[in-house]
Amino acid sequence: MWRSWAALRLFEKQSVCLVLGQRMVAIATVAGKRRRVRRKSVQEEQVRWWEEEKRADGVKWSTLEHKGPVFAPRYERVPRNVRFYYDGKPLELSEETEEAATFYAKMLNHDYCTKEVFNNNFFKDFRKSMTPREREIIKDFRKCGFQEMFNYFQAESEKRKAASKEEKLIKKNENEALMKEFGFCMIDGHKEKIGNFRLEPPGLFRGRGEHPKMGMIKRRIHASDVSINCGKDSKVPSPPPGSRWKEVRHDNTVTWLASWIENVQGQVKYIMLNPSSKLKGEKDHIKYETARRLDKVIDKIRATYRDEWKSKEMRVRQRAVALYFIDKLALRAGNEKDEDQADTVGCCSLRVEHVQLHKELNGKENVVVFDFPGKDSIRYYNEVEVEKRVFKNLELFMEHKKEGDDLFDRLNTQVLNEHLKELMEGLTAKVFRTYNASKTLQSQLDLLTDPSATVPEKLLAYNRANRAVAILCNHQRSVPKSHEKSMENLKEKIKAKREAIEKCESEYNVSICETMLPHAVCLIAITPMQSRDEKKGKQLDRLRDQLKKLELQETDRDENKTIALGTSKLNYLDPRISVAWCKKNDVPIEKIFNKTQRTKFLWAVHMADENYRF
DNA sequence: CGATACACTTAGCAGCGGAGGC
DNA sequence: GCCTCCGCTGCTAAGTGTATCG
């Protein structure tokens with residue numbers, strides 16, 4: 001029934017090996033029948049944490065040992081003939097200044113360099129990095145010439161691409177060696193993959209949207225900036241020769257291995273484990289279990305907030321309307337933000353200019369038009385028909401307010417979350433997003449899956465269900481540069497395939513006619529004739545299959561051009577729903593989860609059978 | 001009580017490598 | 001065998017939410 005169990009098992013093993021960083025040799029015969037997997041060493045498989053007891057509160061691990069982070073490669077000066085120009089003339093720069101100049105030069109063909117804020121911020125920091133003499137000369141950004149440096153880096157990049165196989169292999173091996181040494185840690189006796197074991201290299205800060213700090217220089221991180229977290233009795237990672245860590249601590253109530261403070265925004269950055277790790281997997285599992293608990297009380301919560309639309313207290317009304325938006329539209333909570341960040345909002349931080357009320361719009365009544373920059377400055381635009389009571393409340397909330405005023409002036413995320421905590425243990429605003437996303441996937445799959453369909457058809461159904469979630473969560477992407485072209489190519493291919501089918505059909509008909517010749521003539525030839533027919537018939541079937549697949553691909557790609565499916569798959573959809581769907585519908589899991597996703601969701605593959613329901 | 005610090009999840013994008021078409 | 005293009009992966013910014021501070 002489940003054809004791919006064997007394949008799935010194999011995948012698990014591969015994933016496990018990947019996680020453990022072991023070498024494995026898989027031998028496959030030509031027929032693919034005798035498949036043996038040999039391990040170099042017998043080591044424990046990945047922790048089956050989902051079969052273990054939960055740990056006492058707050059403590060995240062007992063032992064933790066690692067090698068510390070990998071530092072960014074040190075700066076190498078550009079060749080002497082690659083020069084920075086000022087006012088049309090070459091100008092020799094000190095090492096530090098030159099490095100800063102290369103940050104900008106590398107981005108010369110980027111959109112960022114057309115933005116005034118970016119250029120101003122860069123130039124300000126650029127001047128800070130200069131020697132007094134340089135600062136005396138370089139006073140006007142418009143007189144700076146980065147082109148030669150830019151050309152140099154382009155050429156270097158071309159060179160790298162054109163490198164020989166051997167050179168590339170050497171690079172690859174070096175990388176793997178680094179990964180092997182620094183990419184893993186030992187935690188509670190198990191080897192686990194680290195997520196980001198390299199410190200962020202210096203460069204220019206690339207904020208999203210209209211970020212006031214874009215273009216500022218993100219400085220190089222040294223050992224003296226880095227805090228290390230590891231087990232008390234473990235070997236402390238060694239800093240580069242001649243340097244010391246900022247601090248070494250042994251805090252087992254947190255999950256990070258190293259941290260530093262980034263200079264542009266003053267935020268703490270961390271080195272943490274890969275999503276495949278027990279620590280992350282457990283947390284992920286809990287997240288979905290919380291969302292499932294919400295399912296049990298959601299009717300009551302909805303009834304309550306509808307009731308509260310009528311409350312005497314403005315505070316309660318606002319809370320109830322906000323919660324309705326969060327539930328119905330999957331809006332984010334909307335924490336307050338500082339002035340020195342891009343101006344984006346979520347539910348609680350909506351301002352009056354972000355919503356428009358229409359008694360009637362396009363044949364719908366009581367329409368609220370949302371139009372605001374959300375996370376990552378992605379535009380949220382939605383025309384929503386709402387209950388009359390909500391509409392009336394919004395009119396009330398907006399009374400006597402001007403642009404820039406908060407829509408929900410008696411509400412913030414802390415207040416909202418405190419209220420939610422009363423309704424259900426562990427309930428916060430973001431649980432609604434997880435809940436509605438997973439719930440939507442489940443119901444859409446139920447709706448769209450035809451059990452008798454082919455695998456490609458089922459996959460289209462799955463993608464459409466996934467897409468419904470991505471739309472709900474407003475997971476957008478910019479239309480890929482190559483979209484137009486790739487659609488054309490696909491159409492071309494489809495045309496060609498149709499022609500091939502026509503051709504094949506006519507040939508098939510001819511050969512059918514041939515077999516209808518008088519028996520006597522055919523007797524001797526019957527075997528070859530039949531096989532030729534069979535061959536044609538099979539070819540025709542295959543071509544038709546291919547055509548169908550292409551057509552499905554066309555639909556899928558076009559529907560997907562501005563929608564990103566990955567984010568919801570990775571962060572919002574209970575993977576057990578997908579696993580169960582695959583098992584039930586005989587779709588190989590690798591058709592919907594790539595290798596990374598399978599490693600991250602290994603727990604779900606084990607936990608869910610075909611009857612799992614969210 | 002509001003501000004700030006901290007920890008951790010969620011997000012889109014760029015660059016790269018390898019599969020698949022010619 | 002070469003080239004194109006597409007998906008994967010790494011990167012790091014930008015959110016959420018709780019704890020702690022003053």
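Remember, predicted model here, so these are calculated numbers, not experimental data.
A:G195 comes within 4.0 angstrom of no nucleic acid atom, judged by non-hydrogen atoms across all strands. Counting any heavy atom pair closer than 4.0 Å across all strands shown, A:K218 reaches sugar-phosphate atoms only and no base atom. Residue A:T344 is classed as a sugar-phosphate contact, given heavy-atom separations below 4.0 Å to backbone atoms only. Heavy atoms of A:A429 sit under 4.0 angstrom from primed sugar atoms or phosphate atoms, though from no base atom. As judged by a 4.0 angstrom heavy-atom cut-off over every strand, A:Q476 is placed among residues touching the sugar-phosphate backbone only. Among the heavy atoms of the strands lying under 4.0 Å from A:G374 are primed sugar atoms or P, OP1, OP2 only; no base atom is included. In this structure, A:Q265 reaches the sugar-phosphate backbone alone: every heavy-atom distance under 4.0 Å involves primed, P, OP1 or OP2 atoms, never a base. Within the 4.0 angstrom heavy-atom criterion, only backbone atoms of the sugar-phosphate kind lie near A:T255; the bases stay farther away. Contacts of A:K430 with the nucleic acid, taken as non-hydrogen atoms under 4.0 Å apart, involve only primed sugar atoms and P, OP1 or OP2. Within 4.0 Å of A:P275, counting heavy atoms only, lies no atom of the nucleic acid at all.
Distance from the side chain of A:R208 is smallest for B:dG12 among the nucleotides C:dG15, B:dT9, B:dG12. Candidate nucleotides C:dT16, C:dT18, C:dA14 were compared by shortest atom distance to the side chain of A:R332, and C:dT16 ranks first. Nearest to the side chain of A:A333, among C:dT18, B:dC8, C:dG17, sits C:dG17. Checking C:dT18, B:dC8, B:dA14 against the side-chain heavy atoms of A:H110 singles out B:dA14 as nearest. Nearest to the side chain of A:F205, among C:dA14, C:dG17, B:dT9, sits C:dA14.
Applying the 3.5 Å distance criterion, the base of B:dT10 shares a donor-acceptor pair with the side chain of A:K375.
Taking atom CG of residue A:L273 and atom C1' of nucleotide B:dA7, one finds them 14 Å apart after rounding to whole Å. Spacing between atom NZ of A:K591 and atom C1' of C:dG7 amounts to 14 Å, rounded to whole angstrom units. One interatomic measurement links the two molecules: CZ of A:R433 to P of B:dT10, which rounds to 9 Å at whole-angstrom precision. Rounded to an integer number of Å, the gap from A:Q597 CD to C:dG7 P is 12 Å. Rounded to a whole Å, the CG atom of A:L570 is 14 Å from the C1' atom of C:dC11. What separates CG of A:N335 from P of B:dG2 is a distance of 15 Å, to the nearest Å. The CG atom of A:N196 sits 14 Å away from the C1' atom of B:dA7 (whole-angstrom rounding). The distance from atom NZ of A:K287 to atom P of B:dT10 is 4 Å, rounded to the nearest whole Å.
The shortest distance between the side-chain N/O atoms of A:K60 and the OP1/OP2 oxygens of B:dA7 is not below 4.0 Å. At least one side-chain nitrogen or oxygen of A:H475 sits closer than 4.0 Å to the OP1 or OP2 atom of B:dA11. Between A:K280 and B:dC8 there is no side-chain polar atom (N or O) within less than 4.0 angstrom of OP1 or OP2. Applying the 4.0 Å criterion to OP1 and OP2 of C:dG17, one finds that A:T413 has every side-chain N and O outside that range. Listed pair A:R160 / B:dC16 meets the phosphate criterion, a side-chain N or O lying under 4.0 Å from OP1 or OP2. Checking the phosphate oxygens (OP1, OP2) of B:dT9, no side-chain nitrogen or oxygen of A:Y572 falls inside 4.0 Å.
Electrostatic pairing of A:E313 and A:R319 does not count as a salt bridge here, judged by no charged N lying under 4.0 Å from a carboxylate O. Taking a cutoff of 4.0 Å between a charged side-chain nitrogen and a carboxylate oxygen, A:R208 and A:D376 qualify as a salt bridge. Ion pairing between a basic and an acidic side chain is recognised when a charged N comes within 4.0 Å of a carboxylate O; A:E158 and A:K161 show such pairing.
Judged by closest nucleotide on DNA chain C, A:N594 is the one of A:N594 and A:G209 placed further toward the 5' end. Nearest-nucleotide positions on DNA chain B for A:W256 and A:R206 put A:W256 closer to the 5' end. In terms of position on DNA chain B, the residue among A:Y270 and A:T434 whose nearest nucleotide sits closer to the 5' end is A:Y270.
Judged by the 6.0 Å distance and 45° axis criteria, A:K106 is positioned over the aromatic ring of A:F153. Geometrically, A:K191 engages A:F184 in a cation-pi contact, judged by NZ or CZ lying under 6.0 Å from the ring centre and within 45° of the ring axis.
Under the side chain to side chain contact (heavy atoms under 4.5 Å, CB included) test applied with A:H285, the options A:K283, A:E289, A:E282 reduce to a single match, A:E289.
Taking the six-membered ring for Trp and the full ring otherwise, A:F370 and A:F325 have centroids separated by under 6.0 Å.
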